[in-house]
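Report on the structure given below.
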Amino acid sequence: MLDKQSRVPMYIQIEDELKRRMEKGEFPVGAAIPSERELTELFNVSRMTVRQSITNLVNDGLLYREKGRGTFVASPKVEQPLIGMTSFTEDMQSRGMVPGNKLIRFETITPGPDIAKELQLEDGEKVFYVERIRYADDKPMALEKTYLPVKLFPQLSEETFTGSLYSLIEQEQQLKISHASQRMEAALVKPEEAELLQIQVPSAILLIERASYLTNGQPFEVVRSIYRADRYKFISEIQR
Ligand code: 16G
(Lines give C-alpha, C1' and ligand atoms only; values in the text may rest on other atoms or scores of the structure.)
Protein backbone atom coordinates (compact mmCIF):
# COMPACT_ATOMS: atom_id res chain seq x y z
CA MET A 1 0.00 0.00 0.00
CA LEU A 2 2.84 2.39 0.87
CA ASP A 3 6.09 2.67 -1.06
CA LYS A 4 8.99 2.75 1.39
CA GLN A 5 11.47 3.45 -1.42
CA SER A 6 9.57 6.50 -2.60
CA ARG A 7 10.90 10.01 -2.10
CA VAL A 8 7.39 10.99 -0.99
CA PRO A 9 7.52 11.03 2.83
CA MET A 10 5.57 8.28 4.57
CA TYR A 11 3.28 10.68 6.40
CA ILE A 12 2.17 12.15 3.06
CA GLN A 13 1.58 8.71 1.58
CA ILE A 14 -0.58 7.89 4.60
CA GLU A 15 -2.52 11.15 4.22
CA ASP A 16 -3.15 10.30 0.56
CA GLU A 17 -4.25 6.77 1.41
CA LEU A 18 -6.66 8.02 4.09
CA LYS A 19 -8.05 10.62 1.64
CA ARG A 20 -8.58 7.87 -0.95
CA ARG A 21 -10.50 5.82 1.59
CA MET A 22 -12.65 8.83 2.50
CA GLU A 23 -13.38 9.48 -1.18
CA LYS A 24 -14.31 5.84 -1.78
CA GLY A 25 -16.73 6.03 1.12
CA GLU A 26 -14.84 3.51 3.19
CA PHE A 27 -14.64 6.27 5.83
CA PRO A 28 -17.85 8.25 5.30
CA VAL A 29 -18.60 11.70 6.79
CA GLY A 30 -19.07 11.42 10.55
CA ALA A 31 -17.42 7.98 10.79
CA ALA A 32 -14.52 7.33 13.13
CA ILE A 33 -11.22 6.50 11.48
CA PRO A 34 -9.16 3.67 13.01
CA SER A 35 -7.15 4.48 16.13
CA GLU A 36 -3.50 5.54 15.98
CA ARG A 37 -2.51 2.08 17.13
CA GLU A 38 -4.55 0.37 14.43
CA LEU A 39 -3.14 2.67 11.74
CA THR A 40 0.39 2.08 13.01
CA GLU A 41 -0.15 -1.64 12.49
CA LEU A 42 -1.99 -1.23 9.20
CA PHE A 43 0.72 0.91 7.60
CA ASN A 44 3.61 -0.62 9.49
CA VAL A 45 5.06 2.76 10.46
CA SER A 46 5.82 4.51 13.73
CA ARG A 47 3.11 6.09 15.82
CA MET A 48 4.79 9.48 15.29
CA THR A 49 4.33 9.18 11.52
CA VAL A 50 0.65 8.27 11.87
CA ARG A 51 0.15 11.15 14.28
CA GLN A 52 1.73 13.60 11.86
CA SER A 53 -0.58 12.48 9.01
CA ILE A 54 -3.65 12.78 11.20
CA THR A 55 -2.67 16.17 12.55
CA ASN A 56 -2.21 17.43 9.00
CA LEU A 57 -5.63 16.13 7.95
CA VAL A 58 -7.18 17.72 11.05
CA ASN A 59 -5.47 21.03 10.24
CA ASP A 60 -6.75 20.80 6.67
CA GLY A 61 -10.28 20.35 7.99
CA LEU A 62 -10.75 16.83 6.59
CA LEU A 63 -10.83 15.18 10.00
CA TYR A 64 -11.77 16.42 13.44
CA ARG A 65 -10.86 15.16 16.88
CA GLU A 66 -13.23 14.75 19.79
CA LYS A 67 -11.62 14.45 23.18
CA GLY A 68 -11.87 10.96 24.56
CA ARG A 69 -13.89 9.72 21.58
CA GLY A 70 -11.56 9.56 18.60
CA THR A 71 -10.99 11.13 15.20
CA PHE A 72 -13.80 11.51 12.70
CA VAL A 73 -14.33 12.38 9.05
CA ALA A 74 -15.46 16.01 8.68
CA SER A 75 -18.15 17.23 6.27
CA PRO A 76 -16.65 18.81 3.17
CA LYS A 77 -16.22 22.58 3.48
CA VAL A 78 -18.77 24.89 1.91
CA GLU A 79 -17.23 26.26 -1.29
CA GLN A 80 -18.21 29.88 -1.54
CA PRO A 81 -17.52 31.58 -4.89
CA LEU A 82 -16.14 35.09 -4.59
CA ILE A 83 -18.35 36.48 -7.31
CA GLY A 84 -21.84 37.86 -7.08
CA MET A 85 -23.26 39.62 -4.08
CA THR A 86 -25.30 36.95 -2.39
CA SER A 87 -26.74 36.74 1.10
CA PHE A 88 -25.98 34.05 3.63
CA THR A 89 -29.55 32.76 3.31
CA GLU A 90 -29.23 32.47 -0.49
CA ASP A 91 -25.80 30.86 -0.20
CA MET A 92 -27.06 28.09 2.07
CA GLN A 93 -30.34 27.57 0.21
CA SER A 94 -28.52 27.21 -3.12
CA ARG A 95 -26.66 24.28 -1.57
CA GLY A 96 -29.78 22.62 -0.26
CA MET A 97 -28.92 23.51 3.33
CA VAL A 98 -31.34 25.07 5.77
CA PRO A 99 -30.16 28.54 6.87
CA GLY A 100 -30.62 29.52 10.50
CA ASN A 101 -30.16 32.68 12.48
CA LYS A 102 -29.63 33.47 16.11
CA LEU A 103 -29.79 37.08 17.19
CA ILE A 104 -27.20 37.69 19.90
CA ARG A 105 -27.37 41.48 20.10
CA PHE A 106 -29.55 44.22 18.71
CA GLU A 107 -28.64 47.71 19.85
CA THR A 108 -28.90 51.31 18.71
CA ILE A 109 -25.46 52.89 19.02
CA THR A 110 -23.36 55.82 17.85
CA PRO A 111 -20.70 54.07 15.77
CA GLY A 112 -16.97 54.69 15.88
CA PRO A 113 -15.34 56.89 13.24
CA ASP A 114 -14.43 54.05 10.84
CA ILE A 115 -17.97 52.71 10.59
CA ALA A 116 -19.44 56.25 10.44
CA LYS A 117 -17.13 57.06 7.52
CA GLU A 118 -17.89 53.87 5.63
CA LEU A 119 -21.62 54.44 6.05
CA GLN A 120 -21.22 58.14 5.15
CA LEU A 121 -23.00 59.22 8.33
CA GLU A 122 -23.27 62.75 9.67
CA ASP A 123 -21.94 63.46 13.17
CA GLY A 124 -24.04 61.76 15.84
CA GLU A 125 -26.12 59.67 13.42
CA LYS A 126 -27.08 56.32 14.91
CA VAL A 127 -26.80 52.79 13.62
CA PHE A 128 -28.31 49.47 14.56
CA TYR A 129 -25.58 47.13 15.71
CA VAL A 130 -26.63 43.54 15.18
CA GLU A 131 -24.80 40.35 16.04
CA ARG A 132 -26.06 37.11 14.56
CA ILE A 133 -24.84 33.54 14.54
CA ARG A 134 -25.52 32.07 11.12
CA TYR A 135 -26.29 28.36 10.90
CA ALA A 136 -26.50 25.81 8.11
CA ASP A 137 -28.47 22.69 8.98
CA ASP A 138 -28.18 23.72 12.65
CA LYS A 139 -24.38 23.92 12.52
CA PRO A 140 -22.78 27.28 13.33
CA MET A 141 -20.98 28.59 10.24
CA ALA A 142 -20.32 32.26 10.87
CA LEU A 143 -20.75 35.13 13.26
CA GLU A 144 -21.89 38.39 11.74
CA LYS A 145 -21.57 41.87 13.18
CA THR A 146 -23.68 44.23 11.11
CA TYR A 147 -23.99 48.03 11.25
CA LEU A 148 -27.10 49.51 9.60
CA PRO A 149 -27.96 53.24 9.47
CA VAL A 150 -31.11 53.81 11.54
CA LYS A 151 -32.38 56.42 9.06
CA LEU A 152 -32.58 53.79 6.30
CA PHE A 153 -34.38 51.18 8.39
CA PRO A 154 -36.57 53.12 10.82
CA GLN A 155 -38.98 50.20 11.38
CA LEU A 156 -36.28 47.65 12.12
CA SER A 157 -36.45 46.06 15.56
CA GLU A 158 -35.33 42.99 17.43
CA GLU A 159 -38.75 41.44 16.72
CA THR A 160 -38.83 42.14 12.97
CA PHE A 161 -35.24 41.09 12.30
CA THR A 162 -35.63 37.34 12.29
CA GLY A 163 -34.81 36.10 8.78
CA SER A 164 -32.81 37.35 5.82
CA LEU A 165 -31.61 40.94 5.94
CA TYR A 166 -31.36 41.15 2.15
CA SER A 167 -34.91 39.94 1.56
CA LEU A 168 -36.14 42.41 4.19
CA ILE A 169 -34.32 45.22 2.34
CA GLU A 170 -35.38 44.16 -1.15
CA GLN A 171 -38.83 42.72 -0.61
CA GLU A 172 -40.23 44.57 2.38
CA GLN A 173 -38.48 47.89 1.97
CA GLN A 174 -38.31 47.72 -1.83
CA LEU A 175 -34.76 49.10 -1.85
CA LYS A 176 -32.35 48.05 -4.61
CA ILE A 177 -29.06 46.49 -3.56
CA SER A 178 -26.29 47.16 -6.05
CA HIS A 179 -22.74 46.22 -5.07
CA ALA A 180 -20.25 45.86 -2.25
CA SER A 181 -16.57 46.07 -1.57
CA GLN A 182 -14.98 43.30 0.46
CA ARG A 183 -11.76 42.58 2.26
CA MET A 184 -10.76 39.16 3.50
CA GLU A 185 -8.05 38.14 5.92
CA ALA A 186 -7.08 35.24 8.11
CA ALA A 187 -7.19 35.66 11.88
CA LEU A 188 -7.42 33.73 15.12
CA VAL A 189 -10.77 33.46 16.81
CA LYS A 190 -11.34 35.45 20.00
CA PRO A 191 -12.46 33.44 23.05
CA GLU A 192 -15.96 34.98 23.18
CA GLU A 193 -16.46 34.30 19.45
CA ALA A 194 -15.13 30.75 19.78
CA GLU A 195 -17.85 29.94 22.26
CA LEU A 196 -20.60 31.20 19.94
CA LEU A 197 -19.14 29.36 16.95
CA GLN A 198 -18.53 26.21 19.01
CA ILE A 199 -14.85 26.00 18.14
CA GLN A 200 -11.75 25.76 20.27
CA VAL A 201 -9.23 28.45 21.07
CA PRO A 202 -6.98 28.78 19.15
CA SER A 203 -8.71 28.23 15.80
CA ALA A 204 -8.26 29.91 12.47
CA ILE A 205 -11.10 32.01 11.09
CA LEU A 206 -11.70 33.93 7.89
CA LEU A 207 -12.64 37.51 8.50
CA ILE A 208 -14.58 39.28 5.75
CA GLU A 209 -15.51 42.92 5.91
CA ARG A 210 -18.16 44.07 3.50
CA ALA A 211 -19.46 47.57 2.81
CA SER A 212 -22.59 47.38 0.67
CA TYR A 213 -24.39 49.99 -1.41
CA LEU A 214 -27.81 50.61 -2.89
CA THR A 215 -28.18 51.52 -6.57
CA ASN A 216 -28.32 55.22 -5.62
CA GLY A 217 -24.82 54.95 -4.13
CA GLN A 218 -25.99 55.04 -0.52
CA PRO A 219 -24.07 52.62 1.74
CA PHE A 220 -26.58 50.52 3.68
CA GLU A 221 -24.47 48.09 5.71
CA VAL A 222 -21.01 47.45 7.03
CA VAL A 223 -20.58 43.83 8.05
CA ARG A 224 -17.79 41.97 9.76
CA SER A 225 -18.31 38.29 9.13
CA ILE A 226 -16.29 35.72 10.99
CA TYR A 227 -16.35 32.44 9.13
CA ARG A 228 -15.26 29.13 10.57
CA ALA A 229 -12.18 28.19 8.57
CA ASP A 230 -12.97 24.50 9.05
CA ARG A 231 -16.36 24.94 7.34
CA TYR A 232 -15.53 27.42 4.57
CA LYS A 233 -13.42 27.65 1.49
CA PHE A 234 -13.60 30.67 -0.80
CA ILE A 235 -13.09 30.04 -4.49
CA SER A 236 -12.73 32.25 -7.55
CA GLU A 237 -12.14 31.88 -11.27
CA ILE A 238 -9.36 34.09 -12.50
CA GLN A 239 -8.34 35.09 -15.99
CA ARG A 240 -5.14 36.20 -17.58
C1 16G B 1 -23.67 37.67 3.82
C2 16G B 1 -22.89 38.96 3.68
C3 16G B 1 -23.39 40.02 4.62
C4 16G B 1 -24.88 40.19 4.51
C5 16G B 1 -25.57 38.87 4.72
C6 16G B 1 -27.06 38.98 4.50
C7 16G B 1 -20.63 38.07 3.21
C8 16G B 1 -19.20 38.12 3.50
N9 16G B 1 -21.47 38.80 3.94
O10 16G B 1 -23.36 37.00 4.98
O11 16G B 1 -22.77 41.24 4.26
O12 16G B 1 -25.35 41.11 5.48
O13 16G B 1 -25.07 37.92 3.79
O14 16G B 1 -27.61 37.72 4.73
O15 16G B 1 -21.02 37.38 2.30
P16 16G B 1 -29.13 37.45 5.02
O17 16G B 1 -29.90 38.13 3.93
O18 16G B 1 -29.26 35.98 5.02
O19 16G B 1 -29.45 38.07 6.35
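Both ligands and their constituent atoms are indexed starting at 1 by order of listing. Owing to the predicted nature of the structure, the values given are computational and were not obtained by experimental measurement.
Here the heavy atom of the protein found nearest to atom 12 (O) of ligand 1 is Glu221 OE1, 2.8 Å. With respect to atom 17 (O) of ligand 1, the closest heavy atom belonging to the protein is Ser164 OG, 2.5 Å. Nearest to atom 18 (O) of ligand 1 among the protein's heavy atoms is Thr89 OG1, 2.3 Å. Closest protein heavy atom to atom 15 (O) of ligand 1: Arg210 NH2, 2.8 Å. The single protein non-hydrogen atom nearest to atom 13 (O) of ligand 1 is Phe88 N, 3.0 Å, given as residue, atom name and distance. Protein heavy atom nearest atom 3 (C) of ligand 1, with residue, atom name and distance: Glu144 OE2, 3.8 Å.
At a 4.0 Å cut-off, not a single heavy atom of Met85 sits close enough to ligand 1 to count as contact. Remark: distances from the non-hydrogen atoms of Gln182 to ligand 1 include one below 4.0 Å. Put simply, part of Arg132 is less than 4.0 Å from ligand 1, judged by heavy atoms. At least one heavy atom of Ser225 sits less than 4.0 Å from an atom of ligand 1.
The atoms of ligand 1 that sit less than 4.0 Å from any heavy atom of Arg134 are 14 (O), 16 (P), 18 (O), 19 (O). Heavy-atom contacts of Ile208 reach the following atoms of ligand 1: 8 (C) (cutoff under 4.0 Å). Residue contact check: Leu165 has heavy atoms under 4.0 Å from atoms 12 (O), 16 (P), 17 (O), 19 (O) of ligand 1. Remark: ligand 1 atoms within the under-4.0 Å shell around heavy atoms of Val223 are 11 (O), 12 (O).
Between the choices Tyr166, Phe220, Tyr227, the shortest heavy-atom distance to atom 4 (C) of ligand 1 belongs to Tyr166. Taking all heavy atoms of Ser167, Gly163, Ala142, Ser87 into account, the minimum distance to atom 6 (C) of ligand 1 is reached by Ser87.
Side-chain contact of Tyr213 with Gln120: a donor-acceptor pair under 3.5 Å is absent, judged by distance alone.
Summarising the geometry, atom CD belonging to Glu131 is positioned 8.0 Å from atom CD belonging to Glu107; distances are rounded to the nearest 0.5 Å. The CE atom of Met10 sits 9.5 Å away from atom OG of Ser46, with the distance rounded to the nearest 0.5 Å. Distance check: Leu168 CG to Thr160 OG1 gives 6.5 Å after rounding to the nearest 0.5 Å.
Counting non-hydrogen atoms of other residues, nucleotides and ligands closer than 6.0 Å to CD of Glu66 gives a total above 12. Counting non-hydrogen atoms of neighbouring residues, nucleotides and ligands closer than 6.0 angstrom, the CD atom of Glu195 reaches no more than 12 such neighbours.
Ring pair Tyr227/Phe234: centre-to-centre distance below 6.0 Å.
Between the side chain of Gln173 and the main chain of Leu152, a donor-acceptor pair closer than 3.5 Å is present. A donor-acceptor pair is defined here as one N or O able to donate and one able to accept, closer than 3.5 Å; such a pair exists between the side chain of Lys77 and the backbone of Ala229. A donor-acceptor pair is defined here as one N or O able to donate and one able to accept, closer than 3.5 Å; such a pair exists between the side chain of Thr40 and the backbone of Glu36.
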